[in-house]
Amino acid sequence: MITIKITDNKYPRRLRDIKNPPKQLYVEGNTELLNNNSLAIVGSRKCTSYGIKYAKQFASEISKNNITIVSGLAIGIDTVAHEFSKSFKGKTIAVMGCGLDQIYPKENKELYKQILEDGGCIISEYVNGTKVDTKKFPKRNRIISGISMAVLVIEATYRSGSTITARYRI
């Protein structure tokens with residue numbers, strides 16, 4: 001794990017431009033991805049087969065065009081987006097709302113490892129040891145949105161974390 005401060009060259013350029021950017025990021029994996037062209041794909045944890053179908057399709061096509069997929073490592077649409085960006089030699093960035101040593105959800109522990117093995121990147125603004133707290137997820141979402149050129153929402157309720165992520169782009 002490395003720490004990238006807001007003053008470092010590797011700090012994501014787009015992230016500097018958001019309201020209240022993190023002063024530092026904790027990073028595992030390929031730091032080159034942080035300044036790639038990237039698109040966030042987010043959506044419901046309780047997704048339908050329709051949502052899964054389109055998350056797979058979008059993640060696959062976008063990553064084929066050398067665009068990095070960004071998402072939050074959550075179950076549902078986030079998981080599909082991460083998995084299908086990797087299946088076509090694409091790259092993915094997972095943004096966590098806790099310390100990098102607190103993999104959440106536990107069901108995605110293997111996905112976390114695969115992302116790193118496939119040349120992806122996992123980031124957090126929280127130091128190791130910071131426990132999972134769902135109140136931190138909306139704050140995490142500003143990073144997902146901030147490092148991405150755009151946010152694609154696939155299946156989300158009106159007041160969901162996905163819509164919070166998309167509103168950061170406005």
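Across all non-hydrogen atoms, the minimal contact from A81 to A59 is O-CB, 3.7 Å. For G99 against M96, the heavy-atom pair with the smallest separation is O-CE, 3.6 Å. Taking each heavy atom of H82 and L73 in turn, the nearest pair found is NE2-N, 3.2 Å. The two atoms that bring C98 and S124 nearest to each other are O-OG, 2.6 Å, heavy atoms only. Taking each heavy atom of V80 and I52 in turn, the nearest pair found is CG1-O, 3.9 Å. Closest of all the heavy-atom pairs between C121 and I123 is SG-CG2, 3.7 Å.
At a threshold of 4.5 Å between non-hydrogen side-chain atoms, the residues I93 and I147 count as touching. Side chains of V70 and V95 form a contact here, defined as non-hydrogen atoms less than 4.5 Å apart. Residues P22 and L15 have side chains in contact (heavy-atom distance under 4.5 Å, counting atoms from C-beta outward).
A single hydrophobic cluster is seen to contain both V27 and I18, as judged by linkage of ILVMFWY side chains at heavy-atom distances under 4.5 Å, directly or through other members. Taken together through direct or relayed side-chain contacts under 4.5 Å among Ile, Leu, Val, Met, Phe, Trp and Tyr, I115 and I4 form parts of separate hydrophobic clusters. Using a 4.5 Å cut-off between side-chain heavy atoms of Ile, Leu, Val, Met, Phe, Trp and Tyr, with links allowed through other members, M1 and L34 fall into different hydrophobic clusters. In the hydrophobic cluster analysis, where Ile, Leu, Val, Met, Phe, Trp and Tyr join through side-chain heavy atoms closer than 4.5 angstrom, V127 is grouped apart from I143. Put simply, L116 and I2 are part of two different groups of oily side chains (I, L, V, M, F, W, Y) that touch within less than 4.5 Å, one to the next.
Residues forming a side-chain hydrogen bond (donor to acceptor under 3.5 Å, both in side chains) with S71 (at least two apart in sequence, or on another chain): D78. Scored by the salt bridge (charged side-chain N to carboxylate O under 4.0 Å, His left out) test, E125 finds R142 as partners (sequence neighbours excluded). With sequence neighbours excluded, the residues forming a side-chain contact (heavy atoms from CB on, under 4.5 Å) with E110 are K113, Q114, listed by chain and number. Shown here are the side-chain contact (heavy atoms from CB on, under 4.5 Å) partners of K53, two or more places apart in sequence or in another chain: there are none. Residues passing the ring-ring contact (aromatic ring centres under 6.0 Å, His included) test with F137, sequence neighbours excluded: Y104. By the ring-ring contact (aromatic ring centres under 6.0 Å, His included) test, Y26 is found to be paired with no residue, residues two or more places apart in sequence or in another chain being considered. For the side-chain contact (heavy atoms from CB on, under 4.5 Å) test, residues two or more places apart in sequence or in another chain that qualify with K5 are T7, D8, Q24. Take T130 and apply the side-chain hydrogen bond (donor to acceptor under 3.5 Å, both in side chains) test, not counting sequence neighbours, and it matches no residue. In this structure N36 satisfies the side-chain hydrogen bond (donor to acceptor under 3.5 Å, both in side chains) test together with T68, sequence neighbours excluded. For D133, the side-chain contact (heavy atoms from CB on, under 4.5 Å) partners at least two apart in sequence or on another chain are K135, K136.
For the pair R16 (side chain) and P21 (backbone), a donor-acceptor distance under 3.5 Å is absent. A side-chain donor-acceptor contact under 3.5 Å links N128 to the backbone of L100. Between the side chain of R140 and the backbone N or O of G97 there is no donor-acceptor pair closer than 3.5 Å. Not a single donor-acceptor pair under 3.5 Å links the side chain of N30 to the backbone N or O of G120. Under the 3.5 Å distance criterion, the side-chain polar atoms of R13 are matched with a main-chain donor or acceptor of N35. Of the possible polar contacts, none joining the S148 side chain to the V151 backbone as a donor-acceptor pair under 3.5 Å is found.
Rounded to the nearest 0.5 Å, atoms CD (E28) and CD1 (I122) are 6.5 Å apart. Put simply, CD on E83 and NZ on K56 are 9.0 Å apart, with the number rounded to the nearest 0.5 Å.
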Inset, instruction - Take T79 and L111, measure what side chain to side chain contact (heavy atoms under 4.5 Å, CB included) needs, and give me the verdict at the end. - result: CA-CA 8 Å; T79 295; L111 177 59; 3.9 Å; yes
Legend entry - Step-by-step side chain to side chain contact (heavy atoms under 4.5 Å, CB included) determination, I41 to I77: CA-CA 8 Å; I41 298 179; I77 297 298; 4.1 Å; yes
Inset, instruction - Go through F84 and Q57 one step at a time and tell me if the side chain to side chain contact (heavy atoms under 4.5 Å, CB included) criterion holds. - result: CA-CA 8 Å; F84 279 81; Q57 190 173 356; over 6 Å; no
Inset, instruction - Kindly indicate, with the supporting measurements, whether the criterion side chain to side chain contact (heavy atoms under 4.5 Å, CB included) is fulfilled by D118 and T92. - result: CA-CA 9 Å; D118 292 342; T92 189; over 6 Å; no
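Partner of I69 under the side-chain contact (heavy atoms from CB on, under 4.5 Å) criterion, out of L33, L152, I62: I62 alone. Exactly one of K131, Q102, K139 qualifies for a side-chain contact (heavy atoms from CB on, under 4.5 Å) with Y126. That residue is K139.
For residues 40-59, the ring pair (Phe, Tyr, Trp, His ring centres under 6.0 Å) pairs, not counting sequence neighbours, are Y50-Y54.
Within the hydrophobic cluster formed by Ile, Leu, Val, Met, Phe, Trp and Tyr side chains joined at under 4.5 Å, directly or through other members, I75 stands alone, with no partner residue.
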